[in-house]
**Student:** 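My structure is below; once you've seen it, I'll send some questions.
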Amino acid sequence: MLKITRKTLLSTFLTVMSAVSFVTGQDTVPVLNPHQTVTFSLEPSQEQTYTIKLRENGFAEINWLVSDGVVLSVEIFDPLSKKLESISSDDWNGESLLFVAPKEGAYRLVVQYRKESETKNKQNISIEFNDKFNLPPKAKLKDSRTINGFNIKIMSTSDANYVLFEKNGVLKRIMESDGGLADYIGFSFPDRLEAKMTAQARQKAALLRNTLDKSGDGIPDVMIDYYSDGTHCCYQNYFINLGETVEQIESINTGHVGMWPFGKNPKGGLFFETADNTWAYWPDAFVSSAFPTVILEFRGNKLTPAFDQMKRSAPSLAVLRKKAEVAGNQISLFPYYGEDDENHGTQSLFQENVNDFSNTFYSEMLDLIYSGNEALAWQFFDLVWPRNKSGKELFRRDFNKRLSESNYWQTILKDGKGK
């Protein structure tokens, strides 16, 4: 016979009350229904939460209206509180959030008034939820791929790009961006083979196309690029797993440069080559910027520097001495006043007749540092800097300050490989 004690009754009561409290708490979250516009007020750092109920493969488009100067973050969480989608209103595509539910359930929509907003006072914010997706009638097929049973299509209109992920004719995921009908603007598959490509570029594109699992996590995936067509900029690179579900595992902004496969990683997946954008517009104009090469690998579905792949043998001293001689002849004797000086800029570094900034002395220094030869880089600096030019230590300070701002370089130092 089951013996029920006072302790058992108390434990059961507390368990039931806990469950009731949880359900009641969930019920207090208002439901946002399709085609319903709601307006609420928030102050910086505050957030508003709604529930949106979706069937499996159900579509949700979240739109918002907010004053200029207010930055919103909009996030969607699944019934188990796992974040599935997020967007910031100051992103390049921050006009709406498009979402396809992997399973039926009640999803949580969280809207936050970000504290970094320029506007700091209380604001009215309006949002609405649309549950129907209609591709614009004049959309054209830009490119397509079939991977692991998924049909991935890039569609273009005059002012937008869409990436549709479908399986057996059912929409599983959607991405949207500004773009247009031009091939090089908006989304694209970087593995596209073109006749105008160099042999090396075609080889890299083929490697990307023929590597089913680029991240090395054992799941087939697709890499998709986005190019904004700005001044020199910008590139965003997405890696989407195509397993039982469609899941974005990485998104990396490579700024002024793209990203290409560097080779196969023995541990699985690929190495990728890009450049460090920390040095863009430094110390002055873009034309004199340096872009040191960075090799990336996936670690736990995150792209991170593979410094062992970046290391190279140091050039001979004779070669380095010759480079210092050439670079030294480009440097002006005008005093260097520092990167914060607005009146002199590049004039404080280079002679007026210099028009080729492809091999600046600090570009050579960075190539040495990022290839595992930092001590030699500073020897090169001492060799190239004119003895009668003032501001040497000021330049050293500015250079090290900029180097410390590189996330890539900080990761390398954290790994204990950069020193």
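Numbers for residues simply follow the sequence, beginning at 1.
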**Student:** Would you say F380 and Y362 make side-chain contact, with heavy atoms under 4.5 Å?
**Tutor:**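 The answer is no, as the side chains (C-beta and beyond) never meet within the 4.5 Å cut-off.
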**Student:** Return the orientation label for the Y238 and F187 ring planes: parallel under 30°, perpendicular over 60°, tilted otherwise.
**Tutor:**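 Taking F187 first and then Y238, their aromatic rings stand perpendicular (interplane angle over 60°).
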**Student:** Which residue pairs satisfy the salt bridge (charged side-chain N to carboxylate O under 4.0 Å, His left out) criterion with at least one member in residues 253-267, sequence neighbours excluded?
**Tutor:**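 For residues 253-267: K267-E297.
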**Student:** In Å and rounded to the nearest 0.5 Å, what is the CZ to CD1 distance from F307 to I412?
**Tutor:**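 Answer for the CZ-CD1 pair, F307 versus I412, is 5.0 Å.
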**Student:** Inspect the surroundings of NZ in K120 and state if more than 12 heavy atoms from other residues, nucleotides or ligands are less than 6.0 Å away.
**Tutor:**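 Above 12, so yes.
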**Student:** Can you tell me if R202 has over 12 outside heavy atoms packed within less than 6.0 Å of its CZ?
**Tutor:**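 Counting other residues, nucleotides and ligands, CZ of R202 exceeds 12 neighbours.
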**Student:** Take atom NZ of K322 as the centre, draw a 6.0 Å sphere, and report whether it contains more than 12 heavy atoms from other residues, nucleotides or ligands.
**Tutor:**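 No.
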**Student:** Could you check if a side-chain atom of F239 sits within less than 4.5 angstrom of a side-chain atom of N301, using non-hydrogen atoms only?
**Tutor:**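 No, their side chains stay 4.5 Å or more apart.
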**Student:** Here's one to test your reading of the geometry: is the NZ or CZ of K392 within 45 degrees of the ring axis of F381 and under 6.0 Å from its centre?
**Tutor:**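 Positive - K392 is close enough to the ring of F381 and near enough to its axis.
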**Student:** State the OG-CZ distance between S86 and F77, to the nearest 0.5 angstrom.
**Tutor:**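 S86 atom OG to F77 atom CZ measures 8.0 Å (nearest 0.5 Å).
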**Student:** Verify, without hydrogens or angle tests, whether D213 (side chain) and G218 (backbone) share a donor-acceptor contact under 3.5 angstrom.
**Tutor:**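 Yes; judged by distance alone, with no hydrogens or angles, the pair exists.
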**Student:** Identify which one of W409, Y408, Y370 satisfies the side chain to side chain donor-acceptor pair (under 3.5 Å) criterion when paired with D276.
**Tutor:**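 Single side chain to side chain donor-acceptor pair (under 3.5 Å) partner of D276 among W409, Y408, Y370: Y370.
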**Student:** More than 12 heavy atoms of other residues, nucleotides or ligands under 6.0 Å from CG of N400: yes or no?
**Tutor:**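 Check passes, neighbour count above 12.
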**Student:** Should the heavy atoms of other residues, nucleotides or ligands under 6.0 Å from CD of E118 be counted, would the total exceed 12?
**Tutor:**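 No, CD of E118 has 12 or fewer neighbouring heavy atoms, counting only those of other groups under 6.0 Å.
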**Student:** Check whether any side-chain N or O of T119 sits under 3.5 Å from a backbone N or O of D68 as a donor-acceptor pair, and report yes or no.
**Tutor:**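 Yes, because the side chain of T119 sits within donor-acceptor range (under 3.5 Å) of the backbone of D68.
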